[in-house]
Amino acid sequence: MVEDVARDLRRERRRGRTGEAGRESSRRPDYRSLKNPFLPQPIFSEDQVAAIHDTALRVLEELGIKVLLPEARRILAGAGALVDEDSQMVRIGRDLVEAAVASAPRSIKAHGGARDRDLMLELGSMTFLAGAGAPNVTDLERGRRPGTLAAYEELTKLIQHFDVLHMLCPSIEPQDVDNRFRHYAVNRAQLTLSDKFPFVFARGTPQVDDSFEMVRLARGLSEDEFRAGAHCYTVINTNSPRQLDIPMAQGIIDFARAGQVSIITPFCLAGAMAPITVAGALTLQHAEALAGLTLAQIVRPGAPVVYGSFSSNVDMKSGAPAFGTPEHVKATLGAGQLARFTGLPWRSGGGSAANISDAQAAHETQFALWGSVLAGATVCIHAAGWLEGGLSVSYEKLITDIEALQTVAELCARTPGDEDSIGFEAIAEVQPGGHFFSAGHTMARYRTAFYEPLVADWSNFGNWTQAGSKSATERATGIWKRLLADFQPPASAAATAGVIDEFIARRTEEGGAAPVS
């Protein structure tokens, strides 16, 4: 019997049903809708959280935030904020902030291209995104190079393949496409290759309007239907300390008016753009996030916003950003406490400062990941593939990080504890000194009992050597290559190409839309 089970497992592996090298597994776990099973871990007392919140309100009331967009200053002034036009400083009273927090939705339904890709963004839910915003891309075969549209399309295909990556993202910047037309190319890739919740660049109203129209056309929505639900999102970054630039302020306004999701995220590096203490960096982050959130709610009460956190520290010897550090984890845990204080869904950030996909990269990314999980983050961006503090996305690291994300996703699944699972009959069946390989309890479950690795190799040293002595990073190369070779877009997404291409052709002939800065 033992030999029969072992033989069956070898056959399954030869057929590629164990998940080896990116092939399909016999298991069918649901990674599309995750609920965080862990109790949020605090680092501050309730009194300290309240003090950080109160100090952030004091920062906005007494010191203010510099807002470069005149329209945003007018909107804030009209609601009662104190605006100094000469300095462009805006002081926002706590009454305005508290009203904004009260009006922001606690739960956001994010609509994908298919109903089984819809997401609920709220405290307790957990979504992961790949590394985003990098100027470069890297893999073992082609090396490190500037981002291109072809690479963006490849990464979009890989993101589409893995259910544990829940939303699309601006993985890399396609620098071979003129910036007047780049948003067309990026949106086309997202909408024709994937049915997941898409990202839209906030680079000025003309580009945003184009992008909204492309999403609307792809989803077959009227203008009113589009504005009545959340069909795309953007990330709004403040310029810490205490500054909101023109395209980001305009993005908050544009997305709020259209009812689309803004993830409002200060990027506070302790010791550089924020106080050197974790509590100080979080106080500044909280103030800036609340300022952006307040603007969105003044524009449209109930506009879908996600509280954003991406605070870490720098190397005080070089000034370089660091990720996956103890301070990064602590800042994430503290941000979770502040988000729960407001009751809003919130975003954290993963990532690594390592230059290649190595032990440092894995260590930093997984500590950042666990910080997000234990902090109860709703959305974790840069959870897979991010290197060099955001200067590159690695194909191999994307694959190896997926292994960690799928492991976390497995922990979200219910662990049976019924009488049959407890297994008294199985224990009784096997005599002392025996084994459970051929027990009926095992035979009924062995094909699907355990997580089957994507890239990890559990073979012994001899078999591993005979197979080429490949590292996990080297094995990951074979996986992403096979996935790209076998990729087929969802039929519903591919079917949108015609109407999208017609729109792009018309807008290209009209000259496109330049970004605003």
Side-chain angles (χ1 to χ4, degrees), residues 33-61 79 92-110 118-127 166-167 229-230 233 235-236 238 252 255-256 259-266 268 279 282-311 331-349 371-381:
S33 181
L34 302 180
K35 293 293 183 182
N36 194 325
F38 298 99
L39 292 176
Q41 299 298 302
I43 61 163
F44 298 117
S45 69
E46 291 183 4
D47 288 346
Q48 288 172 327
V49 171
I52 291 172
H53 176 72
D54 185 71
T55 305
L57 295 179
R58 185 182 171 196
V59 168
L60 293 178
E61 278 187 320
I92 306 172
R94 65 182 59 212
D95 55 336
L96 284 180
V97 177
E98 289 167 353
V101 170
S103 71
R106 270 52 184 165
S107 181
I108 302 167
K109 184 157 188 186
D118 290 350
L119 303 168
M120 193 62 73
L121 304 180
E122 59 190 2
L123 291 177
S125 67
M126 189 163 58
T127 56
H166 301 95
M167 298 157 63
Y233 79 100
V235 175
I236 301 294
T238 54
I252 291 174
F255 275 73
Q260 304 308 305
V261 179
S262 292
I263 301 178
I264 300 175
T265 310
C268 293
L282 287 177
T283 299
L284 179 63
Q285 171 193 282
H286 194 55
E288 293 180 2
L290 291 177
L293 185 151
T294 299
L295 175 59
Q297 296 305 307
I298 293 171
V299 170
R300 177 173 170 169
V305 291
V306 173
Y307 176 96
S309 168
F310 196 26
S311 292
T332 302
L333 295 175
Q337 290 182 269
L338 290 166
R340 290 189 296 278
F341 187 87
T342 66
L344 299 177
W346 70 286
R347 167 255 159 124
S348 67
S372 296
V373 171
L374 295 178
T378 310
V379 178
C380 179
I381 302 181

Shortest non-hydrogen separation from [X] to [Y] and the atoms involved:
X      : Y      : value
Ala303 : Gln297 : O-NE2, 2.9 Å
Thr332 : Ser348 : CG2-CB, 4.0 Å
Ala335 : Ser309 : CB-OG, 3.1 Å
Ala331 : Ser311 : CB-O, 3.6 Å
Leu293 : Ile264 : N-CD1, 3.5 Å
Leu57  : Val97  : CD2-CG1, 3.6 Å

Return the [atom1] to [atom2] distance between [X] and [Y], rounded to the nearest 0.5 Å.
X      : Y      : atom1 : atom2 : value
Arg347 : Tyr233 : CZ    : OH    : 9.0 Å
Leu338 : Tyr307 : CG    : OH    : 4.5 Å
His166 : Cys380 : NE2   : SG    : 11.5 Å
Leu123 : Leu344 : CG    : CG    : 7.5 Å
Ile236 : Leu295 : CD1   : CG    : 9.5 Å
Thr283 : His53  : OG1   : NE2   : 11.5 Å

Under 3.5 Å donor-acceptor, [X] side chain and [Y] backbone:
X      : Y      : result
Gln337 : Ile43  : yes
Trp346 : Gly376 : yes
Thr378 : Thr127 : no
Asn36  : Ala377 : no
Ser262 : Val305 : no
Arg106 : Ala104 : yes

- [ ] Run through Val261, Ile381, Val306, Val379 and flag the one making a side chain to side chain contact (heavy atoms under 4.5 Å, CB included) with Val235.
- [x] Ile381

Task: Heavy-atom side-chain contact between His286 and Thr342 under 4.5 Å - done: yes

Open item on the list: Within the structure provided, determine whether Phe44 and Leu333 are in side-chain contact (heavy-atom separation under 4.5 Å).
Closed with: no

TODO: Answer yes or no: does atom CZ of Arg58 have more than 12 heavy-atom neighbours from other residues, nucleotides or ligands under 6.0 Å?
DONE: no

Open item on the list: Taking salt bridge (charged side-chain N to carboxylate O under 4.0 Å, His left out) as the definition, give me every residue that meets it alongside Glu98, ordered by chain and number, with sequence neighbours left out.
Closed with: none

- [ ] Name all residues meeting the salt bridge (charged side-chain N to carboxylate O under 4.0 Å, His left out) criterion together with Asp54; count only those two or more places apart in sequence or in a different chain, and write none if there are none.
- [x] Arg94

TODO: Show the numbers, then the answer: is there a side-chain contact (heavy atoms from CB on, under 4.5 Å) between Phe341 and Ile52?
DONE: CA-CA 11 Å; Phe341 187 87; Ile52 291 172; over 6 Å; no

